[in-house]
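Since the structure comes first, as structure tokens, the remarks are kept for the end.
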Amino acid sequence: MQGVPGFNTVPNPNHYDKSIVLDIKPLRSLKPVFPNGNQGPPFVGCPPFGPSSSEYSSFFPFGAQQPTHDTPDLNQTQNTPIPSFVPPLRSYRTPTKTNGPSSSSGTKRGVGRPKGTTSVKKKEKKTVANEPNLDVQVVKKFSSDFDSGISAAEREDGNAYLVSSVLMRFDAVRRRLSQVEFTKSATSKAAGTLMSNGVRTNMKKRVGTVPGIEVGDIFFSRIEMCLVGLHMQTMAGIDYIISKAGSDEESLATSIVSSGRYEGEAQDPESLIYSGQGGNADKNRQASDQKLERGNLALENSLRKGNGVRVIRGEEDAASKTGKIYIYDGLYSISESWVEKGKSGCNTFKYKLVRQPGQPPAFGFWKSVQKWKEGLTTRPGLILPDLTSGAESKPVSLVNDVDEDKGPAYFTYTSSLKYSETFKLTQPVIGCSCSSSCSPGNLNCSCIRKNDGDLPYLNGVMLVSRRPVIYECGPTCPCHASCKNRVIQTGLKFRLEVFKTRNRGWGLRSWDSLRAGSFICEYAGEVEDNGNLRGNQEEDAYVFDTSRVFNSFKWNYEPELVDEDPSTEVPEEFNLPSPLLISAKKFGNVARFMNHSCSPNVFWQPVIREGNGESVIHIAFFAMRHIPPMAELTYDYGISPTSEARDESLLHGQRTCLCRSEQCRGSFG
DNA sequence: GGCTCCTCATCTCT
DNA sequence: CAGAGATGAGGAGC
């Protein structure tokens, strides 16, 4: 599945010359590591092939060189161990829903609710809560007490693994609440339940860097930064430490959030002008002069002391009208401060902050990507503006800024699956009979029913939970093409590029930031029947094979309650009636360029929909966590079950893994 | 407990 | 119908 498989056998990880890599470095995402010593990770990770993590070592190809931090930037986003959550997931689900009049689905999600009907809505909520509605059980569950698995010490001081775990758990809860909740603010509800149960880390306020958080990390709400200790204020823009109890004389600023909302905030990636807090006019009050207190005083003290201040840049989220993305842009120094008259005519404090040198570009890089997207500048190293020749809904750039290679070996771009005539799939799926759009909770919709009564997606883009299989509406369903249960069939949602890596052939990454759960692409190619493929599998580097052995991991998160029956747990791991083999050698899409990592940022999920009278299984790829722009997208290729049994790390057809994550098992394929 | 804060998601108006 | 403005719910920290 590599663009150039031979590149995967390059054994020396230390030969990169950082000076000749990309002009513009990709943003980093979270890169958790296990804490040293015997304290271990707070959550027990699932080892790939056995109960003991020592089994990794037999695959370890580079010996002591492996954990070097000389990791090329392109690889850094791949090094995150997949947090596995303990306690394990439990499903509240029973096979069918017992109730749920379809008329309530509109109102309970707040659609069409007239303004000023707060009391009516509260009554409505109560009524719903008394129904045997399983969605309500989810909400109830998330408001119960549960064991976070995080010790008091780990709540004070975190690490990369904890940060990643907390963020993944938060977003899993957020997605789940968004899916079943009918009130607003699933975000703050999710934060509330995690905070009250201690699912957070780095609570100790600190000046400077925060353990486990890297420059370039992205966040989709203020509360996420609060949960992992980057910026502990949910709303205030300035966070600071008070070192003397009861007095802010000695306070020091720790971090600021720049939303570009105040006048004077430049878009210069190397510096910014920040306005002090206070004095804002609200409904009942006139604007007033800002005072040298709290955050303003802390910034003033930090100017005098010269400590670095973390800066988070807020940007509009292109994927959501109201949403924002927050980019951690590293440490800045306050160079000067002054007072000037603001728009209201009142005194406003102003602080100039300058980015400290030697940090990887984050916000500046983001700005470059914006210019490429708007066509203001050309992507350096661009070979083809759209390698799909219009086969996809969005163009896919082909880029090489590392060597002279002009493109991958010839193949025919196809955005879908092709079948050999003899291939027989699973039993037919009967489509639904909805007239316009399938709605969650509507038991008359057979597609929704097969998904346990829920719409599996949010906003037409994000997968809510992993499942053994997802059912989408198919060609014979009468619902409209814009039905919310048609996601992977409607093609690419994000601006992707195929790019040349330095040592792993061609790879795939995104110009857009990807929120956890975002649909990236499906695996297109020729579906092979088993006999056909077994003969030449090892020669075909572009095969997707569900019969391989994959690292087990938990992505969903629902806390385990004490009085729960463990037998009600529904697995999230895929479960297919027979192995599925797709070859993308001759025909394929962008997925054929996605490289392997033992600690990937992308996972796959089977999706079934009806087509030509048969139910067709598709393999869809989703973002495991938030992925910053230009971070390479990788997934776990798995290991062939036949080669796994043999006691050799490099077999014919296997390739040395270069992901260099903590969990690297050394080879794959 | 009350107040503030560079919020968040939805609704309304243009 | 998109974009701006308004609105209510809401949480954390002091």
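Values below: all heavy atoms of this structure, side chains included; hydrogens, waters and symmetry mates excluded.
A:Gln233 has its CD atom 17 Å from the C1' atom of B:dC8, to the nearest Å. Put simply, CG on A:Leu230 is 16 Å from C1' on B:dT7, counting in whole angstrom units. The distance from atom CD of A:Glu293 to atom C1' of C:dG13 is 15 Å, rounded to the nearest whole Å. Between A:Gln290 atom CD and B:dC5 atom P the separation is 9 Å, expressed in whole Å. When rounded to the nearest whole Å, the span between NZ of A:Lys291 and C1' of C:dC14 equals 16 Å. As a whole-Å value, the separation of A:Leu177 CG from B:dC8 C1' is 14 Å. Between A:Ile223 atom CD1 and C:dA12 atom P the separation is 6 Å, expressed in whole Å. Between the C1' atom of B:dC5 and the OH atom of A:Tyr240 lies a distance of 11 Å, rounded to the nearest Å.
With distances taken from any side-chain atom of A:Met235 to the nucleotides C:dG13, C:dG11, B:dT4, the minimum falls on C:dG11. For A:Arg294, the side-chain atoms get nearest to B:dT4 when compared with the rest of C:dG13, B:dC6, B:dT4. Closest to the side chain of A:Lys189, out of B:dC6, C:dG13, C:dG10, is C:dG10.
With the nearest nucleotide of DNA chain C identified for both A:Lys205 and A:Ala236, A:Ala236 has the one nearer the 5' end. When each of A:Gly237 and A:Tyr326 is assigned the nucleotide of DNA chain B bearing its nearest heavy atom, the one mapping closer to the 5' terminus is A:Gly237.
A cation-pi contact, defined as under 6.0 Å to the ring centre and within 45° of the axis, is absent between A:Arg310 and A:Tyr332.
The partner of C:dG10 cannot be assigned: no Watson-Crick or G-U wobble pair with both contacts below 3.5 Å exists in any strand. In a base pair of the Watson-Crick type (N1 to N3 plus N6-O4 or O6-N4) or a G-U wobble (N1-O2 and O6-N3), with each distance short of 3.5 Å, B:dC6 is matched with no nucleotide.
For B:dA9, one of the phosphate oxygens OP1 or OP2 lies less than 4.0 angstrom from a side-chain nitrogen or oxygen of A:Thr187. Applying the 4.0 Å criterion to OP1 and OP2 of B:dC5, one finds that A:Arg222 has every side-chain N and O outside that range. For the pair A:Tyr351 and B:dC6, the criterion of a side-chain N or O lying under 4.0 Å from OP1 or OP2 is not met.
In this structure, the ring of A:His626 has its center less than 6.0 angstrom from the ring center of A:Phe220. A ring-centre distance under 6.0 Å is found for A:Trp555 and A:Phe603. The aromatic ring centres of A:Phe519 and A:Phe622 sit less than 6.0 Å apart.
Within the nucleic acid shown, A:Arg174 has no heavy atom closer than 4.0 Å to any nucleic acid atom. Counting any heavy atom pair closer than 4.0 Å across all strands shown, A:Gly278 reaches sugar-phosphate atoms only and no base atom.
Of all heavy-atom pairs between A:Met462 and A:Arg515, the closest is SD-CD, 3.9 Å.
Atom OH in A:Tyr328 sits 6.5 Å away from atom CG in A:Leu230 (nearest 0.5 Å).
One can find a donor-acceptor pair under 3.5 Å joining the base of C:dG11 and the side-chain atoms of A:Thr234.
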